[in-house]
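Reckoned from all heavy atoms, side chains included, excluding hydrogens, waters and symmetry mates. Counting from 1, the numbers follow the sequence of the chain as shown.
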Amino acid sequence: MSNRTVIVWIVAIVCFIVLMFVTPSIPQDQEYHDFADQRQFLGIPNALNVISNVPFFIIGVIGLILCYYKNFFKLSLRGELCGWTFFYVGVAAVGFGSSYYHLNPNDATLVWDRLPMTIAFTSIIAIFIIERIDERKGTFSIVPLLLVGVVSILYWRYFDDLRPYALVQFVPCIAIPVMAIMLPPMYTHSSYWLWAAGFYLLAKVLEAIDDTIYGWTHHIVSGHTLKHLCAAMVPVFLTLMLAKRETITERVSLLQIWKVSWSKQKENGVETENQSFTYSSVPVVESRE
């Protein structure tokens, strides 16, 4: 491990310790378990919130199969297969864990909802490090990052403090779009990361306005149910990205591409404004009668 890597880890740990000292604890709000749509169908309590988790299981299983079926995703780097395997395992497990939680919402069952999500979050960070920063460091970061996610869940459960879990959940929400824009990718279709981030952000908004959506739709569907469907679009877009992408020979970040595109548009605009037009006089010949 290089001195620079050690320094980065030390700074990160110190920042975390300082944050834990200067911020108050965040206990789990028990009203979180009180969802707008609590209807029962076919003997299933909170039916739509339970059933809407099925897409996670489906896309998780599909992703796992394609990871190992004749190298369909063309994973070329050491650690990529491991990272994406953990991601799809986490996604598929969300289908079970979140369904189990919504059958009987409480803190004990919420553990099995959040645990697979942290597996997906942390594995994605490791994948980004592998692809865009350093292959070796990213590969060795998979297990530590997964452990950080698991510890954040255990810390919340035993100390009723959501601060570590909040960092594990929301840091990737900021880091992934920033890295997708700033760091040069080694594959095409990098913009799919931004689509995935956008759907996750939309999912969090829908979760926050659960009751409002339920009222707007005249009790047809709640915001939390739509949140599940939007969140399931994240692995869908990432699976499409894996299926379509190719290796890039010349690595250029999205930010650089946007800058070049913007410069060309400005140049074209200036050229259009500077265009001059000349008019020639045409002699008029009078006809003689």
Side-chain angles (χ1 to χ4, degrees), residues 5 8-29 32-33 53 56 60 79 82-98 100-101 107-133 137-180 193 196-205 207-208 227-228 230-232 234-235 238:
T5 303
V8 170
W9 275 106
I10 292 174
V11 170
I13 293 171
V14 170
C15 289
F16 174 75
I17 293 173
V18 171
L19 185 67
M20 293 296 288
F21 273 107
V22 300
T23 58
S25 64
I26 306 175
Q28 177 64 57
D29 184 2
Y32 177 83
H33 306 302
N53 285 291
F56 288 106
C82 182
W84 284 111
T85 296
F86 275 115
F87 172 74
Y88 282 115
V89 166
V91 170
V94 167
F96 285 106
S98 187
Y100 174 65
Y101 163 64
D107 284 0
T109 56
L110 184 56
V111 171
W112 303 106
D113 182 12
R114 288 176 171 168
L115 185 60
M117 285 195 289
T118 62
I119 294 173
F121 292 145
T122 52
S123 59
I124 281 293
I125 291 293
I127 289 166
F128 250 93
I129 296 173
I130 291 170
E131 291 186 5
R132 307 202 181 205
I133 298 177
K137 293 176 183 177
T139 301
F140 284 112
S141 72
I142 294 174
V143 173
L145 286 171
L146 289 171
L147 288 175
V148 167
V150 172
V151 169
S152 72
I153 295 294
L154 295 176
Y155 186 88
W156 155 64
R157 188 69 184 99
Y158 287 102
F159 296 100
D160 195 22
D161 186 357
L162 286 168
R163 285 178 296 172
Y165 173 73
L167 286 175
V168 169
Q169 184 179 30
F170 291 109
V171 166
C173 296
I174 299 172
I176 288 174
V178 170
M179 288 194 292
W193 285 108
F199 269 102
Y200 186 77
L201 177 61
L202 177 59
K204 300 306 291 183
V205 172
E207 180 181 34
K227 174 242 182 178
H228 288 162
C230 282
V234 174
L238 296 183

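- Results of the side chain to side chain contact (heavy atoms under 4.5 Å, CB included) test with T122 over L146, V171, V143 single out L146 as the only residue that passes.
- Here the straight-line distance linking atom CZ of F86 with atom OG of S123 works out to 8.5 Å at 0.5 Å rounding.
- Here Q169 contributes atom CD and M117 contributes atom CE; the two are 6.0 Å apart, rounded to the nearest 0.5 Å.
- The salt bridge (charged side-chain N to carboxylate O under 4.0 Å, His left out) search around E131 returns R245, not counting sequence neighbours.
- With contacts defined as side-chain heavy-atom distances shorter than 4.5 Å, the pair Q28/L110 qualifies.
- To the nearest 0.5 Å, atom NE2 of residue H33 and atom OH of residue Y101 are 5.0 Å apart.
- With sequence neighbours left out, the side-chain contact (heavy atoms from CB on, under 4.5 Å) criterion links L201 to no other residue.
- For the residue pair A126 and S141, the shortest heavy atom distance occurs at CB-OG, 3.7 Å.
- Stacking of R114 on the aromatic ring of Y155 is not recorded, the 6.0 Å distance cut-off and the 45° axial limit not both being met.
- A231 approaches P235 most closely through the heavy-atom pair O-CD, 3.3 Å.
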Only distances under 3.5 Å count here; give the side-chain donor-acceptor pairs of residues 90-98 to other protein atoms, sequence neighbours excluded, each with its distance to 0.1 Å.
unit_1, atom_1, unit_2, atom_2, d
S98, OG, N53, OD1, 2.8
S98, OG, N53, ND2, 3.2

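- Residues passing the side-chain contact (heavy atoms from CB on, under 4.5 Å) test with V111, sequence neighbours excluded: I153, W156, R157.
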Review item, side-chain donor-acceptor pairs of residues 14-26, under 3.5 Å, at least two apart:
unit_1, atom_1, unit_2, atom_2, d
T23, OG1, L19, O, 2.5
T23, OG1, R163, NH1, 3.1

CA sep, side-chain torsions, deciding dist, call: W84, I127, side chain to side chain contact (heavy atoms under 4.5 Å, CB included): CA-CA 7 Å; W84 284 111; I127 289 166; 3.5 Å; yes
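- The ring pair (Phe, Tyr, Trp, His ring centres under 6.0 Å) check on Y200 picks up F121, with sequence neighbours excluded.
- Here the straight-line distance linking atom CG of D160 with atom CG of D107 works out to 6.5 Å at 0.5 Å rounding.
- A search for side chain to side chain donor-acceptor pair (under 3.5 Å) contacts involving Y100 returns nothing, not counting sequence neighbours.
- For V150, the side-chain contact (heavy atoms from CB on, under 4.5 Å) criterion is met by L115, L154, not counting sequence neighbours.
- F140 is linked by a ring pair (Phe, Tyr, Trp, His ring centres under 6.0 Å) to nothing, counting only residues two or more places apart in sequence or in another chain.
- Partners of Y165 under the ring pair (Phe, Tyr, Trp, His ring centres under 6.0 Å) rule, at least two apart in sequence or in another chain, do not exist in this structure.
- Residues passing the ring pair (Phe, Tyr, Trp, His ring centres under 6.0 Å) test with F56: none are found, sequence neighbours excluded.
- Closest heavy-atom contact between P27 and L162: O-CD1, 4.0 Å.
- One distance of note links CZ of F199 with CG of L238; it measures 11.5 Å at 0.5 Å rounding.
- For residues 141-150, there are no salt bridge (charged side-chain N to carboxylate O under 4.0 Å, His left out) pairs, not counting sequence neighbours.
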I would like to know whether K227 and L202 meet side chain to side chain contact (heavy atoms under 4.5 Å, CB included); could you show each step before the answer? CA-CA 8 Å; K227 174 242 182 178; L202 177 59; over 6 Å; no
Can you list the steps and then say if I142 with I130 is a side chain to side chain contact (heavy atoms under 4.5 Å, CB included)? CA-CA 10 Å; I142 294 174; I130 291 170; 4.2 Å; yes
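- The shortest heavy-atom contact between T139 and G79 is OG1-CA, 3.6 Å.
- In this structure, F128 and I176 have side chains that are in contact, with non-hydrogen atoms separated by less than 4.5 Å.
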